[in-house]
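What follows is one structure encoded as structure tokens, with my remarks underneath.
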There are 2 protein chains.
Amino acid sequence: MAKPQIERPGAGLSRRERVREATLLEIKEIARRHLVEYGPQGVSLRAIAREMGMTAPGLYRYVSGIDALLVLITAQMYDDLADTVAAADASVPEHDTDQRILTSLRAFRGWALEHRAEFSTMFGPRNQLDPGTDIGEALEAARRFGATFFTLFDRLLSEERFEVPSEEEVPADLARELRAFADTVGLSTPHVSLGAVMVLSSCWVRLYGVVCMEIFQHLNFAMADMEPLFESELRSLLSRLGVEYRPFER
Amino acid sequence: MAKPQIERPGAGLSRRERVREATLLEIKEIARRHLVEYGPQGVSLRAIAREMGMTAPGLYRYVSGIDALLVLITAQMYDDLADTVAAADASVPEHDTDQRILTSLRAFRGWALEHRAEFSTMFGPRNQLDPGTDIGEALEAARRFGATFFTLFDRLLSEERFEVPSEEEVPADLARELRAFADTVGLSTPHVSLGAVMVLSSCWVRLYGVVCMEIFQHLNFAMADMEPLFESELRSLLSRLGVEYRPFER
DNA sequence: AGCTTTAGTGAACGCCGTTAGCAAACGCTG
DNA sequence: CAGCGTTTGCTAACGGCGTTCACTAAAGCT
């Protein structure tokens, strides 16, 4: 009887590599849980090692330092968020573009609300980590997350939902920056004009603003529930995009 | 010859209280400098004490702990920012409301750019400090800062620059929150309608979003200079407020 | 002059990140 | 199976941190 040759996670890896991958995963999971429970300051190699039944120096076989570990889990969290948004998008019938957009954007806020600590480290200020720390992995994951939204936007664009500003309406200096932006994120296909990129940027900035404002709690001294304000911004934002707003069904 | 009885800073305070106030000030200044130079992690009581030629426990006569110190300097920074914006506003002829608004908002961004570390601690995520830390002082300073902007807005409102949404256009749940907000910040004078508060909130969220995006560097992997995007948002934001946009003269 | 309040110190505790040297386990090769 | 390099994890140690406590010395008041 031949052994089953199914593609399992970790296929093609030696036993050693598999167990190594597993402990690295455990490290990241515990680190993320500590981040949630004790805040960014509360993530410490010693505490993680303690919980795993080993000592701190041992972790250096897996991670080059605490900063690198934080970068690793940040990447993980971007992937998590991207998956959540993609799942929300996929949960709506394919043809109903309006509802898909709505659901996706609300899923973004929803994830942020349920993962405040994570969201804060992902979208809050970059604390200066000592030079030499490879940030590439997190950047790559952030790019994947961004692509989730760009896909949504691209669909709106191809459906010609909203009026796209002409090239003349985009100031020259802004045009240069938008071009660089579009090139980097892979939005430079022929049918995506600079005006469209401008609209996208503006919308993204607004979404980012409301959600940060809520998660970072900068209005909570005066406003108990931020959902109505979010929905209001969402509505105004979507009207710019030619998407029909529908109230949130609870 | 009678001694001059001029109102000096620290008047009415005993010698002891004056020198105490001075060292407290020195502590805060060094703390803030360390924040700028070494980041939020780099602010330590021991380092501050060392620089002052004393030992860390001595600082506990002035500050109840590191968290409290961070709250103190945060308050200081809000005052600093408020002063900067107010000065910008005052630097423009009184009658030229449009230019005063423009200048003030640009001053906000300008201060943020020149004080990234400060801005990040003020407007970034609230890191959870141990319970019992009095956050009141910073909140009070933040309120003073907010008042700077509310004054600008109030002027626009009284000049009837823009169309104010009617009460019916404000959803009920949002209305409740906006009312609470207006009450807390002292905007509940009769001539400020709920629709006006809604417009103000929306504008503030957008300004906050674009500046955070720039300072926290969440687009800098794809966009070198954020000024054009800021100016573009500013323009669209001001058009909503019925304020004439004028390009930035360098 | 005497007494009280205050400012600052030194020692200590328990955290933390990180490095260096060492011993055991693992897994491959002959 | 024996041998041997590689990988893994440990202990010990260094220096830094926040914070508490007991104590001294100075400052200010009566």
Side-chain angles (χ1 to χ4, degrees), chain A residues 10 12-28 30-31 33-35 37-74 121 127-134, chain B residues 10 12-28 30-31 33-35 37-74 121 127-134:
Chain A
L13 274 62
S14 72
R15 159 167 184 80
R16 212 174 207 157
E17 288 165 322
R18 263 181 296 135
V19 48
R20 184 178 170 72
E21 220 51 41
T23 55
L24 179 56
L25 197 68
E26 186 185 357
I27 293 172
K28 290 195 282 188
I30 298 181
R33 188 158 45 72
H34 285 199
L35 171 71
E37 288 179 14
Y38 314 118
Q41 314 284 357
V43 183
S44 85
L45 290 179
R46 290 194 121 109
I48 294 171
R50 214 177 300 136
E51 186 165 328
M52 295 177 65
M54 53 186 290
T55 60
L59 296 185
Y60 280 77
R61 299 286 174 192
Y62 297 90
V63 165
S64 67
I66 184 87
D67 285 348
L69 176 55
L70 288 175
V71 172
L72 279 188
I73 66 174
T74 302
T121 70
N127 31 355
Q128 54 194 59
L129 22 81
D130 56 5
T133 311
D134 182 24
Chain B
L13 274 62
S14 72
R15 160 169 183 76
R16 208 172 210 159
E17 287 164 323
R18 264 180 296 135
V19 49
R20 185 179 169 72
E21 219 53 39
T23 55
L24 179 55
L25 196 69
E26 186 185 358
I27 292 173
K28 291 196 282 188
I30 297 180
R33 188 158 44 72
H34 285 198
L35 171 71
E37 289 179 13
Y38 313 118
Q41 315 283 357
V43 183
S44 86
L45 290 179
R46 290 194 120 109
I48 294 170
R50 213 177 301 136
E51 186 164 328
M52 295 177 65
M54 55 187 286
T55 60
L59 295 184
Y60 280 77
R61 299 283 172 191
Y62 297 91
V63 164
S64 65
I66 185 87
D67 285 348
L69 175 56
L70 288 175
V71 171
L72 279 189
I73 66 175
T74 303
T121 70
N127 31 355
Q128 52 195 62
L129 20 81
D130 57 5
T133 311
D134 183 24

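In what follows, chains carry the letters A, B, and so on, assigned in the order in which the sequence lines appear, proteins first and then strands, with residues in each chain numbered from 1. Note: hydrogens, waters and symmetry copies are ignored here, and every other heavy atom, side chains too, is used. Owing to the predicted nature of the structure, the values given are computational and were not obtained by experimental measurement.
- Among the protein residues, R16(A) comes within range of the nucleic acid bases, having at least one heavy atom under 4.0 Å from a base atom.
- Within the structure, every pair that satisfies the side chain to side chain donor-acceptor pair (under 3.5 Å) test and touches residues 43-59 of chain A, not counting sequence neighbours, is listed here: R33(A)-E51(A), H34(A)-E51(A).
- The distance from the OG1 atom of T121(A) to the CG atom of N127(A) is 8.5 Å, given to the nearest 0.5 Å.
- A donor and an acceptor atom never sit less than 3.5 Å apart when one is taken from the side chain of R46(B) and the other from the base of dG16(D).
- R20(A) has its CZ atom 20 Å from the P atom of dA25(C), to the nearest Å.
- A residue-by-residue look at G58(B) and I66(A) shows that G58(B) has its nearest nucleotide of DNA chain C further toward the 5' end.
- Here the closest heavy-atom approach between residue L59(A) and residue L45(A) is recorded as CD1-O, 3.4 Å.
- Dashed line: the shortest gap from a side-chain N or O of Y60(B) to OP1 or OP2 of dT20(D) is not under 4.0 Å.
- Side-chain contact annotation: E17(A) with S14(A), donor-acceptor N/O pair under 3.5 Å present.
- Distance CG (L59(A)) to C1' (dG9(D)): 10 Å, rounded to an integer number of Å.
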Worked check of side-chain contact (heavy atoms from CB on, under 4.5 Å) between V71(A) and D134(A): CA-CA 8 Å; V71(A) 172; D134(A) 182 24; over 6 Å; no
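- Rounded to whole Å, atom P of dT18(C) lies 6 Å from atom CG of L45(A).
- Residue S44(B) is classed as a sugar-phosphate contact, given heavy-atom separations below 4.0 Å to backbone atoms only.
- In this structure, CD of Q41(A) is placed 16 Å from C1' of dT19(D), rounded to the nearest angstrom.
- Residue Y62(B) places at least one side-chain N or O under 4.0 Å from the OP1 or OP2 atom of dG8(C).
- Minimum atom distance to the side chain of T55(B) is reached by dG10(C), of the listed dT19(C), dG10(C), dG16(D).
- Put simply, the side chain of R61(A) and the base of dG9(D) share a donor and an acceptor less than 3.5 Å apart.
- When distances are taken from the side chain of M54(B) to each of dT9(C), dT18(C), dC16(C), the shortest belongs to dT9(C).
- Remark: P of dC15(C) and CD1 of I48(A) are 16 Å apart, rounded to the nearest angstrom.
- In the helix from dA1(C)-dT30(D) to dG30(C)-dC1(D), the end axes, each obtained as the rotation axis mapping the C1' atoms of four pairs onto the next four within a five-pair block, lie 10° apart to the nearest 10 degrees.
- At least one side-chain heavy atom of Y62(A) sits under 4.5 Å from a side-chain heavy atom of T23(A).
- With sequence neighbours left out, S64(A) forms a side chain to side chain donor-acceptor pair (under 3.5 Å) with no residue at all.
- G53(A) comes within contact range of the sugar-phosphate backbone alone, with a heavy-atom separation under 4.0 Å but no base atom that close.
- Comparing atom distances between the P57(A) side chain and each of dA20(C), dC17(D), dG18(D) picks out dA20(C) as nearest.
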